[in-house]
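Following: one structure in structure tokens, then a few remarks.
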Amino acid sequence: MAISFCKEKKVFKLDTEQTSYIFCVSDNDFIEHLYYGKRINDVDVKSISNRQIYSFGAKEQESSRDFSIGTVLHELSVASCGDLRIPSVIIDFNGESVSNRFRYRAHKVYKGRKAINGLPYSRDNGSCETLQVELENDANTVRILLYYTVYERENVICRYVELVNKTLPCIYLEKAASVCIDFYGCDYDLITLEGMYLCERSKIQRTPLRKGFQGNASIVGASSHHTNPFFALCSKNADENLGETYGFNIVYSGNFKNEIEVDRLCDTRVVCGINDVGFRWKLRRGERFETPEVVMTFSDEGVGGMSRNMHDHIRNNIIERRYAFCKRPIVINSWEATYFDVTENKLLSLAKSAKECGVDTVVLDDGWFRKNDKSGLGDFFVDKEKFPSGLKKLSEDIHSLGLNFGIWLEPEMAAIESEFYKNHERNILSTESKPLVYRNQFLIDLTLDENVEKIKNRISAELADVKIEYIKWDCNRYLNEASSKNSPQGEVFHRQMLGVYKLLDGIKKNFPDAMIETCSGGGGRFDPGMLYYSPQIWASDNTDPFARIYIEYGTSLAYPKSTVSCHFSEGVCTSGRRSSYDFRYIVASFGPFGYELDLSKYPKEDLEKFKEYSLKYRENEKIMLEGDLYRLISPESDEFCSYIEVSKDKTRALFSFIEINTTGHTESTVVRLKGLAADKLYKNESTGQILTGAALMNVGIRVGDLFKEKGGSGRQILFSAQSDNIENKKEY
Ligand code: GLA
């Protein structure tokens, strides 16, 4: 049983394999948080509760004992209930009596979990368990349900909240966060993933908590390029391998807010969920609002341990089963090869060269329904001048080469010269009569179901008879003006996101054989919400390997490598920097692999080299999809970057070492591997040398022996466990 309730003490205990999460019903029926961290056996840890009354900490008049709402740790904090810290819920009672003290009424524990209406969430894996705690305010007008789903193996607890207007004509939710959790003390560092377009999640920002407010947020209608809904809190001494680390992420792709407050007593509050900026949700009598889900994990194996928990959870419970561990397409994507100048002939010649490189899917990127970025979006009619034989025929031709066919879509947008924009101006999100324009496009108002249907039907009609195995789903602008002619102002951000999810669902239903890869001007929507629909995301438009190393490494803090789509390209489009093929391959084989360059221009020997890369990627793909990632050297060293993935059964490991800058001491650098079985014998498949896991992890390997080239180079070595038993060998 992952979830237990001690009736006598009124204590809830949620256990995963290595963590415990404990809270209780206090004497006056508030829900009081007690502990989250390494697994413990004790149930009654109520003694930890801080029951002192400090200055200005109010208590209830009839409370038999000292119990200050302002001081104890909470699981939910409704504004103006006596708590002195940031609230997780704010309700406007719309002129009716305000009643903000929510008390425990009942709870239920059940196998599995409920779906969250219209939102992505961690899937029912057959063994998860859910605790539902029901609270009600003293006026009995509003009910709040707290949901906790426990994934034991992944050491994850997922939380979300449901708010129900029971009896009042109308209330407004002004804030509805998914998580409120308090920690005693503030000896933590906060880690967030920062960046911007072309360097998404490349800056791992680690700062000590300080008194007051800190955190990260997005108000652009997407999880954004500049930050990410993921964050971690870790003890000051935590490194990649040791130290307490909590990880949080939101299964949502729109505005989010992670707030961390260190209060006057130097305790730490964490509130996360939908951003309350621009949010005001109307609930009529009987209506309910479900928040997005937050994924929480804890590891005492440092930031690396936390990442591995997150990776397992995303792969096992968020990504669709049919894709999670399956071989991914090796694509040739037309964008950096042709940009808008893509034509039938160009794509076919790209496909023919791609065939020689071991590619299996040809992706027709932007340009199939337009000549430039001013038109086409919203209408989605194939450009007959560029594709005179039509897409059906093109797909057939590509299939006859033994390749699959993929297509680029940007369904959420209408272009400035599109018919959609001209005829449906009312169905564009904007605050003024002339909407702000970005990349010559506008956001279609998907808060209106009719528009979701219209776009879905238009795209489905245009591609009805085209055999498609892959869709690249893009989104190239933010929701800069959250105003709709069809929805109340405070609901636009969230309703638009619900519309996007509905459209994703609809397109998936109409193209059941197509795997979707999402994208947002590169990696502007890299989040667990999108991963529910697409097993991999285009990480960035920056394919320069020198820059990409940082993007990949930062992204890996929260997301498994199998979600980080990477392409081998010229590598120069964003920076002009040149780099060797091997270097580009190593960086691009970090995650699902593909090519993004005009292969038809390359000589035969280069195509043969590329074919070797495709084969090598396939050989190692299984470890990438299923293995445990151990980060060894951060690129923030500005010298090297190194990591190793180890298969779950510890029989195979792929070690990567990348030299970013030539330094005097590359040759003498020794890297100690991680994650191997100490008592297994491993063969270095490049040199044939056999060493124990213990030697590889403690003595390490000298990287000088691996390199020929200098600066911007890299090596990968496969280690395979030998069937020989270590006892049979005398010395190693
Ligand atoms: C975005 C994507 C690119 C490409 C272009 C097409 O920027 O990130 O990969 O698809 O759009 O317009």
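Whatever order the structure lists ligands and atoms in, that order sets their numbers, starting from 1.
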Quiz item: With distance as the sole test, does Asp527 use its side chain to make a donor-acceptor pair with the main-chain N or O of Val251 at under 3.5 Å?
Solution: no
Exercise. May I ask you to check whether Phe340 has an N/O atom sitting below 3.5 Å from an N/O atom of ligand 1?
Key: no
Quiz item: Where on Asn476 is there a heavy atom closer than 4.0 Å to ligand 1, on the side chain, on the backbone, on both, or on neither?
Solution: side chain
Exercise. Taking atom NZ of Lys371 as the centre, report whether more than 12 heavy atoms of other residues, nucleotides or ligands fall under 6.0 Å from it.
Key: yes
Practice problem: Could you point out which residue of Val452, Ile459, Asn457 forms a side-chain contact (heavy atoms from CB on, under 4.5 Å) with Ile455? | Solution: Ile459
Quiz prompt | Nearest-contact summary for atom 8 (O) of ligand 1 - protein heavy atom, Å | solution = Asp541 OD1, 2.5 Å
Practice problem: Could you find the nearest protein heavy atom to atom 5 (C) of ligand 1 and give me its residue, atom name and distance? | Solution: Trp335 CE2, 3.6 Å
Quiz prompt | Enumerated ligand 1 atoms positioned under 4.0 Å from heavy atoms of Trp538 | solution = 8 (O), 9 (O)
Exercise. Can you figure out which of Glu336, Arg439, Glu410, Lys472 has its heavy atom closest to atom 9 (O) of ligand 1?
Key: Lys472
Quiz item: For ligand 1, which atoms have a heavy atom of Cys519 less than 4.0 angstrom away?
Solution: 2 (C), 8 (O)
Self-check item: Nearest-option assignment for atom 11 (O) of ligand 1, heavy atoms, candidates Asp474, Thr543, Asp365
Solution: Asp474
Self-check item: Aromatic ring proximity, centroids under 6.0 angstrom, Tyr617 and Tyr585
Solution: no
Quiz item: Quick check: are there more than 12 heavy atoms from other residues, nucleotides or ligands sitting under 6.0 Å from CZ of Arg578?
Solution: no
Quiz prompt | Gln441 near ligand 1 by a heavy-atom separation under 4.0 Å | solution = no
Quiz item: Below 3.5 angstrom, do we get any N/O pair linking Asp366 and ligand 1?
Solution: yes
Quiz item: Should the pair Arg123 and Tyr532 be classed as cation-pi, given the thresholds of under 6.0 Å to the six-membered ring centre and 45° from the axis?
Solution: yes
Quiz item: What orientation do His494 and Phe279 show, parallel under 30°, tilted 30 to 60°, or perpendicular over 60°?
Solution: perpendicular
